[in-house]
Amino acid sequence: MLSRLRILNCFTCKNLSTQATTISGFYRFTNLVDSTTKPTPKSYELPDWVKFSDSPTSLNGDYDEDFVIPSLAPWVDGHLLHPTPKLVITQTSQPNNFGEVEAITTLLKEKHSSPEKVAQALAQLSGFKVSNGLVELIMKRFSNNWVSAFGFFNWAKFQTGYEHSPQLYNFMVDILGKSKNFDLMWELVEEMACLREGYVTSDTLIKVMRRLAKAGKHEEAIETFRRMGKFGVKQDTAMLNALMDALVKGNSVEHAHDALLEFKGSIPLSSHSFNVLIHGWCKVRKFEWAKKAMEDMKKHGFHPDTFSYTTFVESYCREKDFRKVDQVMAEMRENGCTPNAVTYTIVMLALGKAGQLKEALELYEKMKVDGCVPDTAFYSSLIFILGKAGRIKDAGDVFEDMPKQGVVRDVMTYNTVISIACSHHREETALRLLKEMEDSSCKPELETYHPLLKMCCKKKRMKVLRFLLDHMLRNNVSFDVGTYTLLVHGMCRSGKLKSACSFFEEMVLQGLAPKQVTLKLLLGELESKNMIKEKQHIEDLMAFWDAASSRSEKILQSKTQANIEIKNLPFRHQL
């Protein structure tokens, strides 16, 4: 662990040291200096073309959209997907090889108006054996694109000698639920029930309840719990807790409370049942109800634990009421509950966001008293608040010290330092950190890429942007509505309106609902540039989307009507 003095310096020193600390991707980031610092040794200094890569123009006065930092060019070029890969696989090829995966990926990236159109396009692929591993990989890549995922899922299902595993059915159920295609989701669950006993499991119905609750369909989520016996799934404590947790995360602690009252007579409760309610009431700032749930917990023979108290701590931190935070932590100790690393991380992060850096640091001493060892999340949060305060060198020191203390850098750690690098327009640093993740087998996620994509849009680094989008696919990270929104907004602000239209169209064709602010921005930019044809295309696209959405609502009222109407949706056939 960094010494107390070293950590204290992270918060208090005004003149930060500029000595490079490592040869890892982060070392360049620690060379961000202000006018008060000593000159950085020349051997570690960033070249001018990196230092000023965020300036409005390059040396020739224009953006070089194909520019890639020379030292990273081989890595970037090696990850770009070939624009026209061979789509027909020979009989001699091995299943799940790189060529097959990339061929399928390239095909599914194209704009398809329906799962049926996807299946028709996949008919071009022949001569290789479908496997559960291949299907899982492709579905991960397109988990936020239900049209491509469901089309591929249905196509694979009918390939000779192949059968989806229950896990893949569950994955597809979750994808359909996430995209709010609840009619198709239930049809798939019914299909699973008809296949054979044991295909529908508790995991299946937990996914269903979570997706329904998140979509605000709280009563339907509870009804799913009531009917789970139909699918051979037992109502027990774990399933009741899962239902309540889904309802709380779906912003209805009231429904969670009703569910507990309804089923507590037939299903045994656990301490977690009450912790879910405590969390839910604290989340909506109804602390009296939360305290009542804690009292009910005691009446049922359970003792409030660290999780119970930490829930109150988190809520008071959100309100920046640190006096009450101290009171709760004191009460914890009095009742024999020692704050853990999660508790301290929450408090430290809240203090840092509130600008109380010195107080945040002092928590380390309190942790030692409680015998609590800082973990990866604590380090990552410390890096975050240092970066937010502009203490870039100190954030680098903490980052570099982690492995020395036996603390593993995880995806949250890398997300934090990449975001800091991007916010300071350090293009090379950010990309080197992504490469370091790849080299250390730390899998990136959506939150890893978003600041990188935003930076590339702002800098008009179109080749690097294409690389990042391909890198996401290769790491099985599916684009969600937030990704497309970021890209459309970024392209509009950079004057790349045709690219903005392309991303917008791709988002709609994947069944993702665009935000009104995104539509308004794009139409406004197209009108200002007198791009009448493109503006009309976007308006037509949204007219089809609105018609499809309207019809889909009516379809849900009748399954028979659904089978007729779904074939006639303009959105599915005319785009």
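Residue numbers start at 1 and run along the sequence shown.
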Checklist entry - With a 4.5 Å limit on heavy-atom distance, are the side chains of I278 and N275 in contact? => result yes
Item to check | N475 side chain vs P444 backbone, donor-acceptor pair below 3.5 Å | outcome: no
Checklist entry - Donor-acceptor pair, D245 side chain versus N241 backbone, under 3.5 Å? => result no
Checklist entry - Do E445 and N415 have side-chain atoms, one donor and one acceptor, less than 3.5 Å apart? => result yes
Item to check | Check: Q510/Y484 side-chain N/O donor and acceptor closer than 3.5 Å | outcome: yes
Next on the checklist: Between K298 and E295, is the salt bridge (charged side-chain N to carboxylate O under 4.0 Å, His left out) condition met? List the steps.
Outcome noted: CA-CA 5 Å; K298 295 175 184 176; E295 289 304 313; 3.4 Å; yes
Item to check | Sidechain-backbone polar pair: T224 side chain, M209 backbone, donor-acceptor under 3.5 Å | outcome: no
Next on the checklist: If we ignore hydrogens and angles and just use 3.5 Å, is the side chain of S494 paired with the main-chain N or O of C457 as donor and acceptor?
Outcome noted: yes
Checklist outcome for this item: Minimal heavy-atom distance between M472 and T483, with the atoms involved, is CE-CG2, 4.3 Å
Item to check | Check: S440 side chain, M437 main-chain N or O, donor-acceptor pair, under 3.5 Å | outcome: yes
Checklist entry - Is it true that R318 and E314 have a side-chain N and a carboxylate O under 4.0 angstrom from each other? => result yes
Checklist entry - Which is it for E219 and H255 under the side-chain hydrogen bond (donor to acceptor under 3.5 Å, both in side chains) test, yes or no, and what are the steps along the way? => result CA-CA 8 Å; E219 289 293 343; H255 278 90; 3.3 Å; yes
Checklist outcome for this item: Between the CZ atom in F287 and the CH2 atom in W281, the distance rounded to the nearest 0.5 Å is 13.0 Å
Item to check | F378 CZ to L363 CG distance, which is reported to the nearest 0.5 Å | outcome: 6.5 Å
Checklist entry - Hey, is the main chain of F312 close enough, under 3.5 Å, to the side chain of S315 for a donor-acceptor pair? => result no
Next on the checklist: Under 3.5 Å, is there a donor on one side chain and an acceptor on the other for N170 and K207?
Outcome noted: no
Checklist entry - Think R409 forms a cation-pi with F399, using NZ or CZ under 6.0 Å from the six-ring centre and within 45 degrees of its axis? => result yes
Next on the checklist: Are L473 and F142 packed together at the side-chain level, in the sense that at least one heavy-atom pair is separated by less than 4.5 angstrom?
Outcome noted: yes
Next on the checklist: Quick one about T416 and S380 (side-chain donor to acceptor, distance below 3.5 Å, no hydrogens or angles considered), yes or no?
Outcome noted: no
Item to check | Contact check, side chains of C492 and L497, non-hydrogen atoms, under 4.5 Å | outcome: yes
Next on the checklist: Between K368 and E365 (salt bridge meaning N to carboxylate O under 4.0 Å), is one present in this structure?
Outcome noted: yes
Checklist entry - Any donor and acceptor pair, going by atom type alone, linking the side chain of K388 with main-chain N or O of G352 inside 3.5 Å? => result no
Item to check | E254 versus H218, side-chain donor and acceptor atoms under 3.5 Å | outcome: no
Item to check | Reported NE2-to-NZ distance for the pair H489 and K515, which is rounded to 0.5 angstrom | outcome: 7.5 Å
Checklist entry - Of the non-hydrogen atoms in L243 and A221, which two are nearest, and what is the gap between them? => result CD1-O, 3.7 Å
Next on the checklist: Between R426 and H424 (side chain of the first, backbone of the second, donor and acceptor by atom type, cut-off under 3.5 Å), is there such a pair?
Outcome noted: yes
Checklist entry - Side chains of H300 and D296: donor-acceptor distance under 3.5 Å anywhere? => result no
